[in-house]
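Working notes, structure below.
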Amino acid sequence: MADPILSIRDVSVTFDVRPQGAWPWTPSLKLHAVSKLSVDLMPGETLGLVGESGSGKSTLARAVIGTIPQSGGQILYEGRDLAQMTPQETRRHRRDVQMVFQDPLAALNPRMTVGDIIAEPLITHEPRTPRQEVKSRVAEIMDKVGLLPNLINRYPHEFSGGQCQRIGIARALILKPKLLVCDEPVSALDVSVQAQVVNLLRELQAEMGLSMIFIAHDLSVVKHISDRIMVMYLGCPMEVGPARAVTATPRHPYTQALIASVPIPDPVREAARYRPVLEGDLPSPLSPPSGCVFRTRCPKAQPSCAQARPAMEAADPDRLVACPFQEVEEVLAEA
Amino acid sequence: MKLAQPDAKMLQEVGDLAEVRGRSLWADARARFFRNKAALAGLAVLIGVCLFAAFGGLIAQYERDFVDFSLMGANAYQGSPSIATGHYFGVDIDGRDLYARTVQGTRISLLVGIVGALVAVVVGTLYGATAGYIGGRVDNIMMRTVDVLMSIPFMFVLILMLVIFGRSILMLFIGIGLISWLDMARIARGQTLTLKNKEFVEAAVATGVTPLTIILRHVVPNLLGIVIVYATLLVPQMIIFESFISYLGLGVQEPNTSLGALMSLGTKQMNNGTLWMLFYPLFFFLITLFAFFFVGDGLRDALDPKDR
Ligand SMILES: Nc1ncnc2c1ncn2[C@@H]1O[C@H](COP(=O)(O)OP(=O)(O)O)[C@@H](O)[C@H]1O
Ligand code: SF4
Ligand SMILES: [Mg+2]
C-alpha cells in the first residue's frame, strides 16, 4: 500500500477565549475545536468530512493548510511534520496544498481583478514567470473551470456566487496542487448551482489526480464525491469508513441521526424507517461533556458513556466507530 | 426572429472574444461621487481655491513684501480695495498689498493642511495596518504608544516648541505631522482587524504570500476608501489648527503669512474701518473649509455605499 499523502495523528486544536468582562489576569478559557482526531488520506483519495456547524471541520481544514497551529498531535504532509518543516518544505506545502472556501465572494479580494486573483499563487511561487505566460496560464485554468477567459479584467462583485466559487477553484488549482481542501464549497450556493460545482470538482480531481478533503454539513452532498467519509461531532471523530458503507449502514448513533434528518421522498419508507431525532443544541466546546461528547443528545446513551471517551473501534475492515453500543439500524433506504 | 438568431449568436461570439473591462469598485464610487451635486460644487470651489493659491500671484500688481510707505497707517482711507490702484483686496496697515498676501496665505494654509493629511495617510495607515495585521503583543505595544502620544496636550507642546526653537514653517510642519497620524493609525488598525479575518486574506496566507505583500496588496487597498475620506476631512482640521497657532501669533513668520495670521491682523484692525483686512482672508478660509467638508462627505457616501 502506498504512503498516505496526509496523515493526521491525534491532532487537537484549541483556541484561547477571553471570558467576557474578566480581569486581565484571569486565565483564558480553552475552546476545544478539534480533539485527538486521527485520519489518513491516500493519494488521489477524497475524504468527506461531515458534521453539524460548529463541530470543528473548518478548524481541522485550517490546521491542515497550516494557517492555524495545532495544540497537540502531528499533521504529516508527505511524511513531514508541518510543525517541524524547514522554510523550503513549508513553501512546498503551501504550494501543494490549496483550499477552496465556504463564502465564495468573501474569499476574493474585492479590489483585485479576477485575473490577478487567480494569478496570485502563481506569482507568489514562480515570481519570474513572464507576464504573457501568466496570462495564458490564467486563461487556461479559467477555461478549465468553465469561465470565459475574456472575463479576466472583471471584478468579483460582477459575478454570481457559482462563478465566484469557480474563480476560487481556479486560484486553488493554478499551481497544480496535490491536495485540495474544500471547506463547504457549495453550502453558500443555490441548490441548482451546487451540483454543477460538485461535478466540476469531481472532474477536475479525476483529471489532475488530486487528493481531496471535502467538507459539508450534511451527508447528501458528500456521499457522491467521497471515497471515505468521516463524521465529526464537537471536534471528535464519530465514525470513519467507506462512503457507501457509512451512508448505507451507519453504525454510530450520531451518523444515524444525521442520515435520518434527511427525508426520503417515498412516504411509505419514510414512515417505516428508524428515525432518531437530534434534540437540543450542540454543547459548548468550552466545556465538552465528559466521556462520549455525544452523550447529551444520544438516544442510546448509557450511564457508562460518561466515564471515558470511547475509542475508535474497528467495526468492519476500513471502518472505525467511536461507540461501544453501535449497531446497524435500517435508517437509510434512499441509496 | 428566426432569421436573426444566427446573427445574434455570431454577435455574441464576437463579444465573447473581446476582453471585457470590469467595473472596479473605484469606478462605481466615482460614478456615485459625480452624481452628488454638493460634493461636485465643493470640488469646483476647491479647484478654484487651489488655482488661486498657485497662480493668483501672476496677476498681482505688487510683491507681497513690498511696503508702500505712503499708505502705511493711511490704508483706511487711501488703501481700500480697488481695481484701479491694483490693490484688488486693498492694503494692510503696513502698506502691503493684501491680494498678494492672501494668495500666499492661502497657499501656506493649503500646504499645511495637505502635508498634515499626507503624513497621516502614509504613516498612519502603514502603522495602523501593521499593528492590526501582526496583532498580539506587537499590536499592544504599538497602539499603547499611540495612546500615550495622544494623551500629550500637543497644542501646548507645539506652542512651547515654537517659543523655544523659534517660529518657522518647518517647526509647524513637524508639529502637525507628529499629531495628524495618530487618529489615522487607530482607524486603520480597527479596519485591519476586520479585514484580517476575511477569507481572501486567509487564502493569501495559505498560498504563502509574505505578510508585507499581504498588507500592501490585500489590506491597504481595502482600507483606502476610509483613509481617503478621513484624509479629506483631516485637511480642514489641520488648516484650522494652523490658523489657531498663527492667530496666536506663533505660526508663520513675517514676511511669510497664512490665512490665520492674516485674520489675526485683520481682527486687530477691525476698529480702524479696514474690514477688508479681515474679510478676504476669512472668505478664503471659510470656502476652503466648506469645500473640503462637502468633498469629504461626498467621498464618504461614494466609497461606503453600505447605508443605501
Ligand atoms: N479563531 C477562533 N477563535 C476562537 N474560536 C474559534 C475560532 N475559530 C473557530 N472557533 C470555534 O471552534 C469551533 C469549531 O468551529 P469551526 O471549525 O468553524 O466549525 P465548523 O466549520 O464545523 O462549523 C466553534 O465552536 C467555533 O466557535
Ligand atoms: S458512546 Fe454512548 S453516548 Fe456515545 S454514541 Fe455511543 S451510546 Fe451514545
Ligand atoms: Mg465551517
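Convention: sequence-line order gives letters A, B, ...; per-chain numbering from 1.
To the nearest 0.5 Å, atoms CG (A/Leu200) and CD (A/Gln205) are separated by 11.5 Å.
Among residues 158-182 of chain A, the residues having any heavy atom closer than 4.5 Å to a heavy atom of chain B are, in sequence order, A/Glu158, A/Arg171.
Using a 4.5 Å cut-off on side-chain heavy atoms (C-beta onward), A/Tyr77 and A/Ile5 make contact. Using a 4.5 Å heavy-atom cutoff, the side chains of B/Leu195 and B/Phe200 are in contact. Within the 4.5 Å cutoff, no side-chain heavy atoms of A/Thr129 are placed close to those of A/Ile123. Using a 4.5 Å heavy-atom cutoff, the side chains of A/Thr46 and A/Ser211 are not in contact.
With sequence neighbours excluded, the residues forming a side-chain contact (heavy atoms from CB on, under 4.5 Å) with A/Arg91 are A/His125, listed by chain and number.
Options A/Met99, A/Met112, A/Arg95 differ in how many heavy-atom pairs under 4.5 Å they form with chain B, and the most are formed by A/Met112. Of the residues considered (B/Val205, B/Leu224, B/Thr213), B/Val205 shows the highest number of contacts with chain A, using heavy-atom pairs under 4.5 Å. Of the listed residues B/Glu199, B/His218, B/Lys198, the one with more heavy-atom pairs under 4.5 angstrom with chain A than any other is B/Glu199. Contact count against chain B (heavy-atom pairs under 4.5 Å) is highest for A/His157 among A/Gln102, A/His157, A/His93.
The neighbour count for B/Phe52 CZ, taken as heavy atoms of other residues, nucleotides or ligands under 6.0 Å away, is above 12. Within 6.0 Å of the CZ atom in B/Arg30, the count of heavy atoms belonging to other residues, nucleotides or ligands does not exceed 12.
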